[in-house]
Structure formats: structure tokens, C-alpha cells
Amino acid sequence: MVVVPVDGRAIARDFSAAFADALAARRGADTMLDSFVARLRELAEAPAHLKPAEPFVHPTMAHLSGRLASLRGPAPLTEAARRAAHAVHWYQIYQGEGFSRTLSQGMLAGQVAGQAGLVSSELCRTGLFLLAPGVHYPLHTHGADEIYFCVSGHLHLQYGHASSPFTLAPGEHARSPSNRVHSLTVGDEPVLLLYIWIGDVDSPNLAWEKAPDGRWMQAHWVRQPDASWKRVELTPVPPEVVAAEA
């Protein structure tokens with residue numbers, strides 16, 4: 001059997017260009033999309049990583065083929081996403097103790113650009129995000145400005161700790177501003193998202209937890225060299241932040 005080398009740089013270029021075009025087409029009054037589009041355009045010149053992706057055996061990977069068969073969105077984007085899904089290095093996002101097994105086992109990512117991506121980037125992180133059925137990613141914040149673009153399945157998002165969730169359907173996107181508390185919930189079907197982070201892309205993720213005394217606490221998760229996250233400490237959420245994030 002002849003193994004054809006994967007041109008990771010070309011796959012990343014096509015992915016970032018199609019993602020940029022899809023966001024630019026729905027800019028409307030949201031001028032904040034311009035920053036995401038600009039970062040994606042810059043990836044056309046990003047250097048390739050030389051290390052090829054290794055096969056990743058994980059229970060949640062069983063959902064990937066079905067999601068790729070039901071992609072929705074602009075044709076150039078879904079085709080680029082399909083190619084990227086077969087080329088990226090997939091990994092389990094959260095490692096170690098601190099989240100339920102359903103959550104930690106049910107969330108995988110594949111970077112197209114970043115420290116573990118097909119191409120290197122210090123300015124953004126972008127790629128694919130695969131969520132298993134029943135996953136609930138609790139309230140959390142991060143310094144990066146984030147966009148999710150749903151391409152398969154339905155995701156339920158909540159902004160603020162006292163608000164009602166809304167549904168993100170295939171072909172739709174949502175932007176989570178820097179340090180805005182939000183949560184993600186998956187129903188009975190898996191979800192495949194495209195994501196991009198810009199801004200403070202390597203700041204800790206702060207996962208909110210309710211203490212027995214009713215106070216909100218935040219677990220600090222720090223990004224590791226392989227792009228996964230590891231819990232390092234637990235601190236109170238300042239009262240003024242809780243009030244502002246209702």
C-alpha cells in the first residue's frame with residue numbers, strides 16, 4: 001500500500017480561508033467578526049508543523065464519522081472541515097481529576113492552527129471540537145475571544161449564571177467574548193463544532209463550581225504543551241464578578 005503524505009499546510013490554508021469567508025459573509029452589524037477573519041486570513045502564511053498526526057483511539061472518536069456525514073454550512077467550509085478532521089491530531093481536552101468522566105471523556109479537539117496544529121500560530125487557536133451525547137461543560141470563562149460555528153448536531157449555550165440557554169443549530173455561529181461566563185450542553189446526538197480563539201489564547205480556563213456554602217469557586221485549568229488542559233488550583237470568584245456575570 002502506498003501512503004500519500006498529508007499536506008497539512010494546504011489543508012490548514014483551505015480550512016482557515018473557508019472559515020474566514022463564512023464569518024465575513026455573516027458580519028452584518030457585528031464588527032467584532034473582523035478580528036477573527038483577519039486572524040484566519042493570516043494563517044495562509046503560517047509555518048507547518050513537521051510532525052504528522054498519529055492515530056487517536058478514544059471512545060468519543062466513534063461519533064466523528066457520523067458527524068462528518070451530516071455536515072451543514074457553506075460547501076467550501078464543510079469540505080475543508082472534512083479534510084481537516086482526517087488530518088489533525090485529535091486529543092482529549094481535559095486531563096486529570098476535576099471534571100466528571102462523562103465530561104472529560106466526551107470532549108475532544110483537533111487543532112488546525114496552534115501549538116499542536118497542522119500549522120503553528122501564537123495569535124490564534126482554531127480547529128474542530130467534537131462533543132459526545134450528554135456532555136455538559138459547566139460555566140467557565142477564559143481570556144480568549146471565542147467563536148463556535150456549528151456544522152453538525154445542536155448545541156445548547158448559556159451566557160451568565162442566571163440566564164436561559166439557547167440552541168445553536170448547524171450552520172449557525174455564536175461568539176463568546178473574553179471573560180464572559182458561559183456553558184455548553186449536548187443533547188442525545190453528538191455535536192461537531194469549528195472553533196477559533198483570538199486574543200489571550202493561553203490564559204487559564206476558569207471553571208465555575210458551587211461550594212457547599214453557596215459561594216462560586218473557580219478551578220484554574222492551564223494549557224499544557226500538547227494543547228490539553230490540567231487543573232492547578234481553586235479560588236473564589238470575586239463577588240463583583242458574580243454580580244456582573246448574571
Side-chain angles (χ1 to χ4, degrees), residues 32 58-60 90-109 111 114-116 124-127 129-148 150 153-168 173-188 190-191 193 195-246:
M32 291 301 297
H58 191 284
T60 298
W90 287 94
Y91 60 93
Q92 184 175 308
I93 297 171
Y94 287 103
Q95 305 288 341
E97 300 297 325
F99 277 135
S100 71
R101 180 176 175 83
T102 299
L103 174 62
S104 60
Q105 290 282 316
M107 292 174 45
L108 305 181
Q111 269 195 8
Q115 79 273 41
C124 78
R125 303 284 184 262
T126 188
F129 191 20
L130 179 62
L131 304 174
V135 162
H136 173 64
Y137 186 4
L139 292 167
H140 63 282
T141 69
H142 39 68
D145 204 358
E146 172 186 68
I147 281 181
Y148 286 138
C150 185
H154 291 77
L155 182 71
H156 309 290
L157 290 98
Q158 178 180 336
Y159 289 112
H161 60 80
S163 63
S164 299
F166 65 96
T167 300
L168 191 67
H173 81 279
R175 182 171 69 86
S176 301
S178 172
N179 296 313
R180 179 64 166 132
V181 67
H182 57 290
S183 69
L184 316 177
T185 303
V186 181
D188 295 334
V191 173
L193 307 170
Y195 74 89
I196 175 173
W197 277 25
I198 64 172
D200 194 358
V201 296
D202 287 321
S203 64
N205 263 7
L206 305 179
W208 286 31
E209 304 173 1
K210 264 292 182 65
D213 62 5
R215 291 185 303 160
W216 283 106
M217 306 293 288
Q218 53 191 1
H220 296 237
W221 291 80
V222 175
R223 192 189 292 275
Q224 304 301 296
D226 64 356
S228 67
W229 297 81
K230 184 177 180 179
R231 180 172 170 144
V232 296
E233 63 176 330
L234 185 69
T235 62
V237 180
E240 63 272 18
V241 174
V242 175
E245 292 289 351

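Only a predicted model underlies this, so the values are computations on that prediction, with no experimental measurement involved.
- Closest heavy-atom contact between Val191 and His154: CG2-O, 3.4 Å.
- Taking Asp188 as the reference, nothing meets the salt bridge (Lys or Arg N to Asp or Glu O under 4.0 Å) condition, with sequence neighbours excluded.
- Residues meeting the side chain to side chain donor-acceptor pair (under 3.5 Å) test with Trp221, sequence neighbours left out: none.
- Contact record, His142 with Ser203: C-OG, 4.3 Å, taken as the closest heavy-atom pair.
- Evaluation of the salt bridge (Lys or Arg N to Asp or Glu O under 4.0 Å) rule for Asp226 yields no partner, not counting sequence neighbours.
- Every residue meeting the side chain to side chain contact (heavy atoms under 4.5 Å, CB included) condition with His136, not counting sequence neighbours, appears here in chain and number order: Pro138, Ser183, Thr185.
- With sequence neighbours left out, Asn179 forms a side chain to side chain donor-acceptor pair (under 3.5 Å) with no residue at all.
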Name the atoms and distances for all side-chain donor-acceptor pairs under 3.5 Å in residues 231-246, with sequence neighbours left out.
from	atom 1	to	atom 2	distance (Å)
Arg231	NH1	Glu209	OE2	2.8
Thr235	OG1	Gln218	NE2	3.4
Thr235	OG1	His220	NE2	2.8
Glu245	OE1	Arg180	NH1	2.6
Glu245	OE1	Val181	N	3.2

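- Listed here is the closest heavy atom pair of Trp197 and Ala144: CE3-CB, 3.3 Å.
- Applying the ring pair (Phe, Tyr, Trp, His ring centres under 6.0 Å) criterion to Tyr137, with sequence neighbours excluded, gives Tyr94, His140.
- Taking each heavy atom of His161 and Trp216 in turn, the nearest pair found is CB-CZ2, 4.1 Å.
- Legend: residues meeting side chain to side chain donor-acceptor pair (under 3.5 Å) with Ser178, ordered by chain and number and at least two apart, are absent.
- Remark: His58 engages Phe56 in a ring pair (Phe, Tyr, Trp, His ring centres under 6.0 Å) (not counting sequence neighbours).
- When all heavy atoms of Trp229 and Asn205 are compared, the pair lying nearest together is CZ3-N, 3.5 Å.
- Listed by chain and number, the residues in a side chain to side chain contact (heavy atoms under 4.5 Å, CB included) with Ala132 are Thr60, His63, Val135 (sequence neighbours excluded).
- Annotation: side chain of Met32 is in contact with side chain of Arg175 (closest heavy-atom distance under 4.5 Å).
- Contacts of Tyr159 classified as side chain to side chain donor-acceptor pair (under 3.5 Å), with partners at least two apart in sequence or in another chain: Ser176.
- Take Thr102 and apply the side chain to side chain contact (heavy atoms under 4.5 Å, CB included) test, not counting sequence neighbours, and it matches Ser100.
- In this structure, the side chains of Val186 and Leu155 come closer than 4.5 Å at one or more pairs of heavy atoms.
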